[in-house]
Amino acid sequence: MSQLSATILGCEGLVLTPGERAFFTDVQPFAFILFSRNIDNADQIRTLCDDLRSCVGHHAPILIDQEGGRVQRLRPPLAVEWLPPLYQIKQAGTNAARSMYLRSRIQAHELIALGIDSNCAPLVDVATADTHPFLQNRCYGFAPNDVIEIGRAVTDGLMDGGVLPVLKHIPGHGRAQQDSHLELPRVSASSKELSTDFAPFTALNDLAMGMTAHLVYEAIDPDPATISPKMMGLIRNDIGFDGLIMTDDISMQALEGNMTQRSAASIAAGCDVVLHCNGDMAEMQDVVAASGTLSGKGLERAQAVLDARKTPNTVDIDALKAELETLLNG
């Protein structure tokens with residue numbers, strides 16, 4: 001790989017502008033991410049993915065948030081309208097893990113057909129009764145073992161379909177009672193209590209990519225996890241995650257300072273790449289300048305991500321949809 005910016009970036013609209021094309025060609029971001037503003041029809045999405053990759057010297061991963069429920073960028077007719085994960089899991093009962101495997105394998109089929117090869121899932125934050133509504137029904141359960149089982153099923157479904165999973169939100173967002181898109185959550189649980197939150201991430205620490213949580217664990221460090229060297233050390237050493245760590249969206253309002261300060265602090269703390277989602281060119285320029293390029297362990301992890309991609313296994317998608325329908329509705 002040529003020298004890569006330690007960033008994952010978005011674009012403004014349905015097609016690349018000449019300015020975006022020149023910028024991405026110059027800075028060589030490791031990967032890209034798509035949002036609803038980038039989605040119109042299948043041919044347009046495939047063309048956009050091709051154009052993004054043509055800017056860089058490698059087959060760049062293209063990410064999307066396709067959890068289901070509220071957080072689902074692709075809607076009919078491009079993709080199935082999925083229930084929020086927690087609702088499907090409750091509906092499936094003892095068949096929850098199989099149902100989520102099927103869902104994820106079908107999602108992977110939908111994504112790959114459009115040129116998208118990474119989904120920002122599994123979300124293995126352990127829910128509580130007090131988890132903020134922005135997150136709670138996106139979770140897989142209220143007990144670590146349940147979350148681990150579902151998280152592995154989601155991972156396997158995506159990987160079997162040729163789509164790279166992203167483990168989130170490391171090291172656990174479930175206790176947050178605020179929406180980190182808007183403000184900084186603070187969690188007062190003890191280190192012993194937090195072991196429950198960390199358990200699913202430890203169990204799934206073999207994944208190639210993970211995304212941080214923008215929140216403070218007061219028992220461990222006063223800084224948000226994304227910009228905390230102590231929390232990054234915990235993720236690497238205690239949780240044992242050695243994959244590529246991206247920040248959650250660096251433009252979320254949980255973090256203080258401008259894009260330059262946030263990005264530099266994230267890299268200094270130990271994140272490998274900075275995720276910037278809103279497509280604002282001026283902000284992206286600041287993020288790229290502050291994030292630097294991938295080198296050393298970060299570059300090794302980036303290469304491991306690319307090497308982790310699999311050719312989709314051959315399945316009958318209609319048969320999988322029929323099985324899922326039976327599991328959920330009898």
Side-chain angles (χ1 to χ4, degrees), residues 8 65 67 85 120-128 130-132 134-136 138-152 154-155 165-181 183-250 252 254-255 262 265-275 297-298 301 305:
I8 299 174
D65 291 295
E67 298 174 12
C120 295
L123 184 152
V124 297
D125 305 315
V126 180
T128 74
D130 298 322
T131 299
H132 192 281
F134 102 92
L135 186 70
Q136 191 185 71
R138 299 163 59 192
C139 296
Y140 301 159
F142 295 82
N145 287 343
D146 294 339
V147 173
I148 290 167
E149 182 184 21
I150 301 296
R152 183 60 69 183
V154 169
T155 296
V166 178
L167 187 68
K168 66 184 188 186
H169 302 87
I170 298 176
H173 210 304
R175 293 181 190 269
Q177 297 180 32
Q178 297 81 30
D179 182 348
S180 53
H181 294 86
E183 57 184 317
L184 177 63
R186 296 182 177 275
V187 173
S188 60
S190 68
S191 296
K192 183 177 180 180
E193 290 171 318
L194 288 173
S195 64
T196 299
D197 302 63
F198 300 162
F201 296 95
T202 303
L204 293 163
N205 65 13
D206 57 306
L207 271 64
M209 285 192 289
M211 178 188 292
T212 64
H214 292 331
L215 75 169
V216 169
Y217 304 87
E218 294 176 341
I220 300 173
D221 192 75
D223 289 327
T226 300
I227 61 171
S228 165
K230 190 169 184 178
M231 290 305 307
M232 286 298 123
L234 182 149
I235 290 166
R236 294 299 190 195
N237 301 319
D238 297 0
I239 289 174
F241 185 82
D242 193 38
L244 185 86
I245 294 182
M246 67 184 75
T247 69
D248 202 348
D249 183 9
I250 205 68
M252 289 164 60
L255 301 179
R262 297 178 188 185
S266 300
I267 296 294
C271 294
D272 296 304
V273 295
V274 174
L275 173 66
K297 284 290 291 182
R301 293 177 183 127
V305 169

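Residue numbers start at 1 and run along the sequence shown.
Nearest heavy-atom pair across Met211 and Cys120 is CE-SG, 4.0 Å. Between Ile250 and Leu255 the shortest heavy-atom distance is CD1-CD1, 3.7 Å. Contact detail for Asp125 and Cys139: the closest heavy-atom pair is O-SG, 3.5 Å. The minimum heavy-atom distance between Cys271 and Thr247, with the atom names listed, is SG-CG2, 3.9 Å. Shortest non-hydrogen contact noted between Asp221 and Ser228 is OD2-OG, 3.1 Å. Taking both residues in full, the closest heavy atoms of Phe241 and Ala208 are given as CZ-C, 4.5 Å, listed atom of the first, atom of the second, then distance.
Rounded to the nearest 0.5 angstrom, Leu275 CG and Ser266 OG are separated by 10.5 Å. A distance of 12.0 Å separates CG in Leu244 from CG in Leu207, rounded to the nearest 0.5 Å.
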Between Val154 and Tyr140, is a side-chain contact (heavy atoms from CB on, under 4.5 Å) present by the stated rule, with each step listed?
CA-CA 10 Å; Val154 169; Tyr140 301 159; 3.8 Å; yes

Report the C-alpha distance between Leu135 and Leu123 in whole Å, list the side-chain angles of each, state the deciding distance to 0.1 Å, and finish with yes or no for side-chain contact (heavy atoms from CB on, under 4.5 Å).
CA-CA 10 Å; Leu135 186 70; Leu123 184 152; 3.8 Å; yes

Verify side-chain contact (heavy atoms from CB on, under 4.5 Å) between Asp197 and Tyr217, making sure each step is shown before the conclusion.
CA-CA 11 Å; Asp197 302 63; Tyr217 304 87; 5.9 Å; no

What's the verdict on side-chain contact (heavy atoms from CB on, under 4.5 Å) for Ile245 and Arg236, showing C-alpha distance, side-chain angles and the deciding distance?
CA-CA 10 Å; Ile245 294 182; Arg236 294 299 190 195; 3.5 Å; yes

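Among residues two or more places apart in sequence or in another chain, the ring-ring contact (aromatic ring centres under 6.0 Å, His included) test is passed with His169 by His173.
The residue from Met246, Arg138, Met209 that alone fulfils the side chain to side chain contact (heavy atoms under 4.5 Å, CB included) condition with Lys168 is Arg138.
By the 4.5 Å heavy-atom criterion applied to side chains, Pro122 and Leu167 are counted as neighbours. Here the side chains of Ser188 and Glu218 are in contact, with some heavy-atom distance below 4.5 Å. Side-chain contact between Ser191 and Ile220: present, with at least one pair of heavy atoms (C-beta onward) separated by less than 4.5 Å.
The pair Lys297-Asp242 counts as a salt bridge, with a side-chain nitrogen and a carboxylate oxygen less than 4.0 angstrom apart.
Within the 3.5 Å criterion, the main-chain N or O of Ala213 finds no donor-acceptor partner in the side chain of Asp248. Of the possible donor and acceptor atoms, none in the side chain of Thr128 sits under 3.5 Å from a partner among the backbone N and O of Arg175. A donor-acceptor pair under 3.5 Å is absent between the side-chain atoms of Thr212 and the main chain of Ile170, judged by distance alone.
Screening residues 199-208 for salt bridge (Lys or Arg N to Asp or Glu O under 4.0 Å), with sequence neighbours left out, gives Arg152-Asp206.
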